[in-house]
Amino acid sequence: MIEAIRDALRGEMTADERVVLVGQDIGRFGGVFRATDGLHAEFGERRVFDMPLAEGAIIGSALGLAISGLRPVAEIQFLGFTHQAFHQIVSQVARMRYRSQGRFPASVVIRAPFGGGVKTPELHADAIESQYAHVPGLKVVAPSSPREAKGMLLTAMRDPDPVLFCEPLRGYRLMKEDVPSESYTLDIDKVRIVREGTDVTLIAWSAAVDLASRAADALLSEGVRAHVVDLRSIAPLDVDGLIAAAERTGRCVVIHEAPLTAGFGAEVAATISCEAFYALQAPVERVTGPDAPFPLAGAEQIYLPDVSQVVAAARRTLAAS
Amino acid sequence: MIEAIRDALRGEMTADERVVLVGQDIGRFGGVFRATDGLHAEFGERRVFDMPLAEGAIIGSALGLAISGLRPVAEIQFLGFTHQAFHQIVSQVARMRYRSQGRFPASVVIRAPFGGGVKTPELHADAIESQYAHVPGLKVVAPSSPREAKGMLLTAMRDPDPVLFCEPLRGYRLMKEDVPSESYTLDIDKVRIVREGTDVTLIAWSAAVDLASRAADALLSEGVRAHVVDLRSIAPLDVDGLIAAAERTGRCVVIHEAPLTAGFGAEVAATISCEAFYALQAPVERVTGPDAPFPLAGAEQIYLPDVSQVVAAARRTLAAS
Amino acid sequence: MSVSLTPQFPSLAQRITPLQLLRPDGTLVGGAEAPLDDVRLQDALRLMMLSRAVDDKGVSLQRQGRFGTFSTVKGQEASVVGSAVALDPSRDWVVPQYRELPALLRQGLPLEHFILYYQGHPAGGRIPEGVRLLPIQISIAAQLPHAVGLAWGLALQGSDAVVLAYFGDGASSEGDFHEACNLAGVVRAPVIFFLQNNGWAISTPRSRQSSARTLAERAPGYGFDGVVVDGNDLFAVYAATSQAVERARAGRGPTLIESQTYRFGAHNTADDPTRYGHGDTLSGWIERDPVTRVQRYLAARGQWSDEIEVQVRHGIAATIDGALAAARSVPPPAAADLFTHTYAELTPRQVRQLRQLSTTPAAAEGR
Amino acid sequence: MSVSLTPQFPSLAQRITPLQLLRPDGTLVGGAEAPLDDVRLQDALRLMMLSRAVDDKGVSLQRQGRFGTFSTVKGQEASVVGSAVALDPSRDWVVPQYRELPALLRQGLPLEHFILYYQGHPAGGRIPEGVRLLPIQISIAAQLPHAVGLAWGLALQGSDAVVLAYFGDGASSEGDFHEACNLAGVVRAPVIFFLQNNGWAISTPRSRQSSARTLAERAPGYGFDGVVVDGNDLFAVYAATSQAVERARAGRGPTLIESQTYRFGAHNTADDPTRYGHGDTLSGWIERDPVTRVQRYLAARGQWSDEIEVQVRHGIAATIDGALAAARSVPPPAAADLFTHTYAELTPRQVRQLRQLSTTPAAAEGR
Ligand SMILES: Cc1ncc(C[n+]2csc(CCOP(=O)(O)OP(=O)(O)O)c2C)c(N)n1
Ligand SMILES: Cc1ncc(C[n+]2csc(CCOP(=O)(O)OP(=O)(O)O)c2C)c(N)n1
Ligand SMILES: [Mg+2]
Ligand SMILES: [Mg+2]
């Protein structure tokens, strides 16, 4: 997936000279995950800029760069460290268009990886997308595969609004698929039906889509056909797409890595429960991380939701009547 | 209500000399809302300390003060400005006990007012409790009346865990009631039944409890008896208390000022919808602020949920079958 | 301990006195030349007087409930105006905090926008196309990284524009101040950090805000120059800012200017400055009133008189009345104002919420 | 512009050279006295060598997948050990970032805790009662306000303890650094800000991190002293830190020490330093190896020899083997480890989640 992201960056930098990249270690080093590998050599210092170690200044200055007429893409090394820039993202970037009543759109893309499974140090895996989903003015999207990542990033870079682009850390190397070499965009504001099914709807985003798909495989071996939905966009939420997918089966499982309480699964489950109330055959199940900090590497396999938990939840919804 | 809060602070400072107050303008000035009025004169500079204008340092140093053996109560002038300290609250204060495997409990209370209705400048009214509800290790509580505020604050100051204590800004002067002069604690981890009812359950916290009560009055005039529940604690959530209250009527309305999407109402609605699924007679309704930034003062009356909206939602749940 | 170290980095603050060109009595400091001619100076004076008149009007409207909480400039007019007039509004930008009204006006913001903003009308935030100004910033110091990015971005695109960012002594304690200054030093952004040290952050005195002798001496820690100026001396502020503008325009990077001044009034209209000793030093500062200083200078040159003053005041009153009338003519906020400009387009949920709100009683009543 | 201003606050960095007492060849700088006697120096040397041996062991275990990502101290041993031994572990505290292993050991952390931590075992975070040490900090610079609060709180309670906080050149760009230093100056907290300038923040060179000539010269901007020391000189680091400790203990407030050093290895075991020119200046620094410098000094005094070295290395190997064995004896993490110590007591939801997880296959398999 990291190649797909690099591909999107390179493509858009070639097509639009207003695009500039800012972040820690993104220059000569090419980023801690190599997302920007080669871009410094290709586009030079003025378009690929290594920033001092200060997330607030990365985001805050990216907003200023946008106001100056450029299209900054900021990389934060791990989503957990966006907390250092929380005030700049939430109260500044997300508000500038509204505060200036349309004069200063904040066309800033903020890229950051998140999620567990690759034994990172503390705070590196934190899945905190729901904290950002609550912020009017900000878009929050999370691709689930290389192909999706490229198209969604290109789309985000052309979006007039600020986009927090959450990349699945464990997908960087593990997820592989053929990705078209040309530029393309995707309907990132619409849910994607990953596979069609009639018995139970599995709803996920980011790396959890893969988990949902594997659970769907397991369920299929039991004769259960799962409808797998990738939200793509966490905010704004594609309510119609979500409701249609939920109503398709009347039985829903929402899956994410973040802790249960006030995770974005709550919004998904609340929306379905309220708006598809009469179509629901069973309570919406949430398969999530527990209400605990993401642990050190040795315990992450216990923490992370797995196929068996998703399958068990799906079975519970199927057993309900 | 501000007197009740001051009373709690004074009482606990008298009873426990480890209690120290830190914040902006809390000393001689007595705080921008006078919560600490007179305490600087009474307890002196060493226990009531005016801090430089840096929220991160207020919270971060409060954690250090707690580790040194004191019991700091930090005031942040408005909840919206806790965003400047988000990394310290979420990744540090909330994690210190866990990170040190029990060695360093972070017994820090963070007080901050929030909510609209008093025509404050931008960012001063932002209701962002749900962003903190998602943080394992942190407790988030929100009193709804002077009496509650005093007892809950005293309880929070004795809590071994960090507590974000969200005070209803418009209650500071507007909410009045007799408050016992002695020290008392409350079960802040349990929902409070504000009034008993059988027809519809109204669930709220902070200033919205008053709104719920006023809506209950209006409903009563139509012969509808509302069961009004004050969550008190947003995190951890009293799931059993909430479910019992929801099952009481099978029809629920959740009310808060924050924007709808990913507000804490989502968690409440999801929890009820999932765990009281078979008792629900109607979809859970959410009456909330819209998905928009809290506006400048001239538009806040349009933004804020009002009695008519709550009543209308309650009627919708009653009409469902 | 056998080794005793002499301080490697002693504070240099004792060695310096704030730059002053015009004394409180309106005479030039020996050897100084006036950096502004009489015509430009009269324009600047008019702007200072307009600012003070808006302050007074705003406070009285606020007491009548016809204006929201706002912070007056009073006492700091030389600081704001002296710096703002060093810019070229047709290319340079101002990035304000919330206490710099005359700088906003000088950049071209219509006064009625400012009035609407403090009357709480969402439309008050609008900045007309071509006015090089960021919105009023409520979150202390959060504007500073924006200013750096803006300056840097303009330079990257070949412009010779300069960005002037305002903030206070309190703001200098925020992490954003530090991160912004450090980044500006690294990219040599054409930005001026204009620190209005007015002695207070609400009730917190400068002495409690930091133990640094001056705030300007932080500049070498970011690799650029710091300057302390008498902030009640329009000439000194103008001269220091002009030099910083020149330097920035020439690609020689940022400057930190500490303008030492004093606010004459309360922090804002919700504040009670008698509670924290604000008055103790006030009278000394009132003797150094930035407006009368310029009036004295001009009067000594035959360029200011009671007649001129009356005329100027008339003009100012008319300006304010006109702006108030213009603000009154704007329709009250409606439900749509909550949503428009949140995103480029309304989200599906916003569309639905707008529909619901447009039919509720509150919206129907207007504000 | 007619007025030309001389800089009021020029950088003083050109005037100073980093404090050095022991030259790379192991001889004392003319006139300098050794601030540590041979016995204490041998202890310090042993700690430096232990640190380097753990680094090497950790890297090889990491390659075998038996250790997690971690950051070696190699090259910075004099910087960490020289500062740590200036403390009294029975009253003073260390607040680390993540690259200060020997300081943790010196404070009394058992080596097996460090090993468990980097093996990813939740129990690795445990700090035994009586060990005056905060946990390893992953969030850059976030520990600095904690250090200030801890130092301030201890002083408020009448203790004469001192707090030594470690951080890097990269960390000095974070807002937390600024806010913490400024607060420390205001409350005169007995804290030492020990900045290990090792030339890099991952791939970002010091020159790109800030345009300041030195980072120590930020201190006057907070109202206290800054010092630059040769961070590869154990004596200089010890002397400067001891003076800062004395000052803090006497109630004379904080000190910022910039220890100029270099990391010999990669940023961490996931890093590839060949990609960013880390090697270009490495050889010059290896000549200034902090460990051999002390060995040379001791050898010249007849206090170090190949035989002693072999003996010390044996002892170190035994220590490491013992710690690895102790770490192995700890049972693998279980589901309960996710929840314990999140709060003082499990929440109702946690109780339920723990019950569910305890019955899933992953938990049943142990890790
Ligand atoms: C981040 C943040 N924290 C706190 C506040 C509340 N507040 C408003 S003004 C102010 C004092 C600002 O002082 P200073 O920077 O000196 O500016 P001045 O008002 O003196 O011009 C404070 C603390 C705020 N608006 N933003
Ligand atoms: C807040 C935060 N941002 C980014 C990172 C990722 N990161 C880990 S180490 C590092 C560089 C730190 O450099 P420095 O402070 O000089 O310490 P050193 O590693 O050189 O000892 C970065 C950027 C982090 N851990 N925390
Ligand atoms: Mg001020
Ligand atoms: Mg470094």
Got a second to check how far [X]'s [atom1] is from [Y]'s [atom2], nearest 0.5 Å?
| X | Y | atom1 | atom2 | answer |
| --- | --- | --- | --- | --- |
| C:H341 | A:R97 | NE2 | CZ | 8.5 Å |
| C:Y117 | A:R99 | OH | CZ | 7.0 Å |
| A:E45 | C:L156 | CD | CG | 10.0 Å |

As an exercise: rank [options] by heavy-atom pairs under 4.5 Å with chain C and give me the winner.
| options | answer |
| --- | --- |
| A:M51, A:R47, A:R46 | A:R46 |
| A:P162, A:A66, A:P105, A:G69 | A:G69 |
| A:G64, A:G102, A:A106 | A:G64 |

Less than 4.5 Å apart, any side-chain heavy atom of A:V239 and any of C:P348?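 Of all side-chain heavy-atom pairs linking C:P348 with A:V239, none is under 4.5 Å.
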
- Does the side chain of A:I67 reach to within under 4.5 Å of the side chain of C:L134, using non-hydrogen atoms?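 Yes, side chains in contact.
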
Atom group of [X] that falls short of 4.5 Å from chain C, counting heavy atoms:
| X | answer |
| --- | --- |
| A:P160 | side chain |
| A:I59 | neither |
| A:S91 | neither |
| A:L70 | both |

| task | Answer yes or no: is there a donor N or O on one side and an acceptor on the other, between the side chain of C:E179 and the main chain of A:G56, under 3.5 Å? | result |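 Yes, the answer is positive, given that a donor and an acceptor are paired below the 3.5 Å cut-off.
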
Nearest heavy-atom pair of [X] and [Y]: which atoms, and what distance?
| X | Y | value |
| --- | --- | --- |
| C:P122 | A:Y98 | CB-OH, 4.5 Å |
| A:R103 | C:G130 | NH2-N, 3.7 Å |
| A:A57 | C:P145 | CA-CB, 4.3 Å |
| A:Q88 | C:D176 | NE2-OD2, 3.2 Å |
| A:V135 | C:Y343 | O-OH, 3.9 Å |
| A:P52 | C:N182 | CB-ND2, 3.8 Å |

* To do: Give the ring-plane orientation class for C:W93 versus A:F104, where under 30° counts as parallel, over 60° as perpendicular and anything between as tilted.
  =>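 Tilted, since the angle between the ring planes falls between 30° and 60°.
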
With a 4.5 angstrom heavy-atom cut-off, could you sort out which part of [X] is near chain A: side chain, backbone, both or neither?
| X | result |
| --- | --- |
| C:R349 | side chain |
| C:L346 | neither |
| C:I138 | neither |
| C:P128 | backbone |
| C:T340 | backbone |

Before accepting this row, confirm whether a basic side-chain N of the pair C:E345/A:K139 lies closer than 4.0 Å to the acidic partner's carboxylate O.
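No, no charged N to carboxylate O under 4.0 Å.
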
Between C:V163, C:L154, C:I127, which residue shows the highest count of heavy-atom pairs closer than 4.5 Å to chain A?
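Most pairs with chain A among the choices: C:I127.
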
**Q.** Heavy-atom pairs under 4.5 Å with chain A, option from C:L144, C:T347, C:L183 with the top count
**A.**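 Sorted descending by pairs with chain A, the first entry is C:L183.
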
Original post:
Are a donor atom and an acceptor atom from the side chains of C:S139 and A:R95 found within less than 3.5 Å of each other?
Top reply: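 There is no such pair (donor and acceptor under 3.5 Å, judged by atom type) between the side chains of C:S139 and A:R95.
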
Original post:
Does a side chain donor of either C:Q137 or A:Q92 reach within less than 3.5 Å of an acceptor in the other side chain?
Top reply: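 Result is yes, a qualifying pair exists.
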
Passes side-chain contact (heavy atoms from CB on, under 4.5 Å), A:S68 versus C:Q157? Steps please. CA-CA 9 Å; A:S68 84; C:Q157 290 167 88; 3.1 Å; yes

A:E17, CD: over 12 other non-hydrogen atoms inside 6.0 angstrom: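 Not more than 12 within 6.0 Å, no.
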
### Task
Assess whether side-chain contact (heavy atoms from CB on, under 4.5 Å) is satisfied between C:W152 and A:V20, documenting all intermediate values.
CA-CA 12 Å; C:W152 178 26; A:V20 294; over 6 Å; no

